[in-house]
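See below for the structure under consideration.
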Amino acid sequence: MSARPIRFFHRGRIVEVGAVSPTRTVLQWLREDQRATGTKEGCAEGDCGACTVLVGELDERGGLRLESVNACIRFLPTLDGKALFTVEDLPASPGHRLHPAQQAMVECHGSQCGFCTPGFVMSLAGCYERHQASGTRPTRQQLADELSGNLCRCTGYRPILDAGERMFDSPTARLPLAAATDALRALGGEPLDHAGPSATVAGRSDHFHAPRTLAQLAALRVAKPQARLVAGATDVGLWVNKQHRDLGDMIYLGDVAELRRIEVDGALLRIGAAASLEDAWSALAQRWPSLTEAWLRFASPPIRHAGTLGGNVANGSPIGDSAPVLIALDALLVLRQGDVVRRLPLTDFYVDYMVNRLQAGEFLQAIEVPLATQADAFRAYKISKRFDSDISSVFGAFRLALDGERVRDVRLAFGGMAATVRRAAQAEAALRDQPWTEATVESAAAALANDFTPLTDLRAGAAYRARVAGNLLRRFWLETRVRAPLPAAALSVWARDNA
């Protein structure tokens, strides 16, 4: 791979950016280098959405796929070969000086201080583009889901949701996607090997490597086993912004097409490690519909568009939502070191807090989820202080297989209860080969005390976590008991009567 500038489509043309730090963010480049100050900096950690922009990327059919992302934790080199749209790029609709989303925000009084408004507008514009392309119109709940990554402190969300509904009543105004598509097609597929301005400073290796094939990645990883693997940077971006850490040599996974693929191979659902959280959770929820709520409550759309399932798993956070689900589903990890590939059950991957069994020069290539797993019931429950876009205090994923009224097999996986995500072995033993009754469930809930000794932290106390874990198991039984199981809505404080 030869060194060259970062190239991407912006403001109607391909721009080239030379020697900048590989960890310079899109937000910094926009505001400081381009003086495009419509995009705001709020939290600098991907939580408030004030910096929301749209990134377009060529899909496998050659079309342009738009995704909302947080510019504050998006490293500029990751834009290579893509298109960037900001609030300054939004076209006016006929008869108005503003884009339909902006005009609707004015008409519905959706802005007060206005600091968050550009981020809301960009999330709405992304929603607008997708629905205009498909000829559909979102429901109010779908709009709320789209905006779950945008925080407003003063206006309130009702008028903003009103604006989201009203923007579809205005004359159509679409982004110049055809021009962006043609420009990106003309760029070609030369891999990026970008050297930052401090690359020659003694003791630093300030490079951003972006291989395009799995073979290139495998060879590069063996050659540079200490390099930092980066995908969506939804975690490591905070290391830079909040901890001011130097990431040094980086290997970017987002340009390796094989790593982003999601496919069914016989009885397996294979999810590439660099598949986005949005695409991965969508594939899981398509096959296990009970995961839909957990999918929509996993972070926010901009984070799910940028972050990857492989990153969430390899990161090994004890409060990550993906690992309990995948462990309950018997997932296997495909690990690669050079040309050597091995498979490891996810339940055996974690050794201790943020410590895993990856070897030097090895990387996570894919996650394989068995599709033929026999189960009468599968549920995932997230407990957090906020309903949307929050980190779990406790997360439980439960799978149950019955023979008549007797438990043939069961898997109970918890996050937030120990230094790693792991199964509740004692509680499972209390259930296996027993009748699926309330008494059996109470015995299993009591056994959870032998499985976990949770910690007290800012998100929850140890006693609270222990009690919640038992209550989630009780809820699972109420939803799946043999006689008169209760619908999920009857057990959710968030369910609403729309009658």
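This one's a predicted model, so the numbers in the text were calculated from it and none came from an experiment.
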For Phe395, all residues meeting ring-ring contact (aromatic ring centres under 6.0 Å, His included), sequence neighbours excluded: none

Residue list, ring-ring contact (aromatic ring centres under 6.0 Å, His included) with Tyr157, at least two apart or on another chain: none

CA sep, side-chain torsions, deciding dist, call: Arg140, Asp162, salt bridge (charged side-chain N to carboxylate O under 4.0 Å, His left out): CA-CA 8 Å; Arg140 195 173 180 90; Asp162 290 345; 2.9 Å; yes

Worked check of salt bridge (charged side-chain N to carboxylate O under 4.0 Å, His left out) between Arg65 and Glu57: CA-CA 5 Å; Arg65 177 178 176 176; Glu57 186 171 6; over 6 Å; no

Qualifying residues under salt bridge (charged side-chain N to carboxylate O under 4.0 Å, His left out), relative to Glu107, sequence neighbours excluded: Arg166

Residues which pass side chain to side chain donor-acceptor pair (under 3.5 Å) with Glu146, listed by chain and number, not counting sequence neighbours: Arg130

For Thr136, all residues meeting side chain to side chain donor-acceptor pair (under 3.5 Å), sequence neighbours excluded: His131, Ser134

Ion pair Arg297/Asp321, N-O distance below 4.0 Å: no

Side-chain donor-acceptor pair present, Thr139, Gln141, cut-off under 3.5 Å: no

Sub-4.5 Å side-chain heavy-atom contact between Arg459 and Tyr464: no

Check: Gln365 and Leu259 side chains under 4.5 Å, non-hydrogen atoms: yes

Output a table of donor-acceptor pairs, distance under 3.5 Å, between side-chain atoms of residues 7-20 and any protein atom two or more places apart or on a different chain; print 'none' if there are none.
| from | atom 1 | to | atom 2 | distance (Å) |
| --- | --- | --- | --- | --- |
| His10 | ND1 | Leu84 | O | 3.3 |
| Arg11 | NE | Asp89 | OD1 | 2.7 |

Aromatic centroids of Phe120 and Phe115 separated by under 6.0 Å: no

Arg379 and Glu479: CA distance, side-chain angles, deciding distance, salt bridge (charged side-chain N to carboxylate O under 4.0 Å, His left out) verdict: CA-CA 9 Å; Arg379 298 287 191 279; Glu479 289 186 19; 2.6 Å; yes

